[in-house]
Amino acid sequence: MRAAGLIVAQALSMLRKMVEPGITTKELDAVAENHIRKSGAYPTFKGYRGFPASICASVNDEVVHGIPSQRKLQEGDIIKIDCGATLNGYVGDAAISVGVGAVSSEVGQLMQTTQESLFKAMEKMVDGNRLHDVSFAVQEYCETRGYSIVREYCGHGIGQRMHEDPQVPNYGIPGTGKRLQVGWVLAVEPMVNLGVQHVKTLADKWTVVTMDGKPSSHFEHTIAVTSDGPVVLTALEDGTVRL
Ligand code: MG
Ligand code: MG
């Protein structure tokens with residue numbers, strides 16, 4: 001899973017550097033697919049329930065599952081790139097939010113808070129903790145800063161399939177839920193809105209947008225519970241706890 005996760009990390013790192021005004025989300029998708037296939041892996045998203053691309057590219061009010069297109073990114077946009085790779089039967093899944101050029105300070109803070117909430121969740125991924133300790137860490141960190149948590153979509157167990165049990169909501173009551181054990185691997189993925197929490201799906205049956213049209217942010221890592229603490233399997237560098 002680390003090998004699969006590293007390919008995802010490399011793809012996202014390449015895409016992050018390419019994000020600039022004028023580039024299309026389809027161009028980003030092509031680079032991701034090429035890197036994944038060149039690495040001997042398969043782009044997990046492609047064909048998943050009919051999804052047509054190797055990344056999800058969601059811009060501004062698009063929360064998740066945006067389909068890469070000829071849309072050109074513009075200065076001030078926020079793009080969420082979600083990517084998965086399957087290598088030797090194991091899956092890595094991660095997502096980043098990237099500002100296009102200079103973004104407003106409120107969008108910058110939204111992104112920073114979302115990423116920090118993922119760190120907070122990760123710190124709870126310790127043997128013996130409860131699942132909703134992880135969930136609550138995201139919720140508390142974001143809601144106390146005035147943001148809202150998307151409820152309709154959540155993180156998930158991951159392994160030989162991208163989506164395995166259990167579901168990992170980004171909200172919950174601490175001290176409840178299944179007990180985490182060494183060997184568990186979860187994809188934790190806070191989806192955090194600047195405005196209302198409510199979302200809807202567009203007519204393409206994929207793209208999820210905020211109800212009020214305000215921006216949304218998304219970060220994700222595939223994280224293992226080990227006897228040495230949490231290990232990020234979709235980080236660029238090896239190590240425990242920190243990205
Ligand atoms: Mg993902
Ligand atoms: Mg995921």
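Every number for a ligand or one of its atoms is a count from 1 in the order of the listing.
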Exercise for review: Please find out if the Mg ion (ligand 2) and some N, O or S atom of His156 are separated by less than 2.8 Å.
Suggested key: yes
Study note, to complete from the structure: The N/O/S atom of Asp82 lying closest to the Mg ion (ligand 1) is OD1
Check your understanding: Is Asp93 close enough that one of its N/O/S atoms sits under 2.8 Å from the Mg ion (ligand 2)?
Key -> yes
Check your understanding: Does the distance from a Lys or Arg side-chain N to an Asp or Glu carboxylate O, for Arg37 and Glu33, drop under 4.0 Å?
Key -> yes
Study note, to complete from the structure: Row for the Mg ion (ligand 2): angle OE2 (Glu220) to OE2 (Glu189), 10° precision, value 90°
Check your understanding: Do Tyr48 and His163 have ring centres separated by under 6.0 Å?
Key -> yes
Practice item. Under the ring-ring contact (aromatic ring centres under 6.0 Å, His included) rule, what do Tyr153 and His65 come out as? Steps first, then yes or no, please. Key: CA-CA 11 Å; Tyr153 298 88; His65 305 164; 5.5 Å; yes
Check your understanding: Does Glu140 come within less than 4.0 Å of Lys124, counting only side-chain N to carboxylate O?
Key -> no
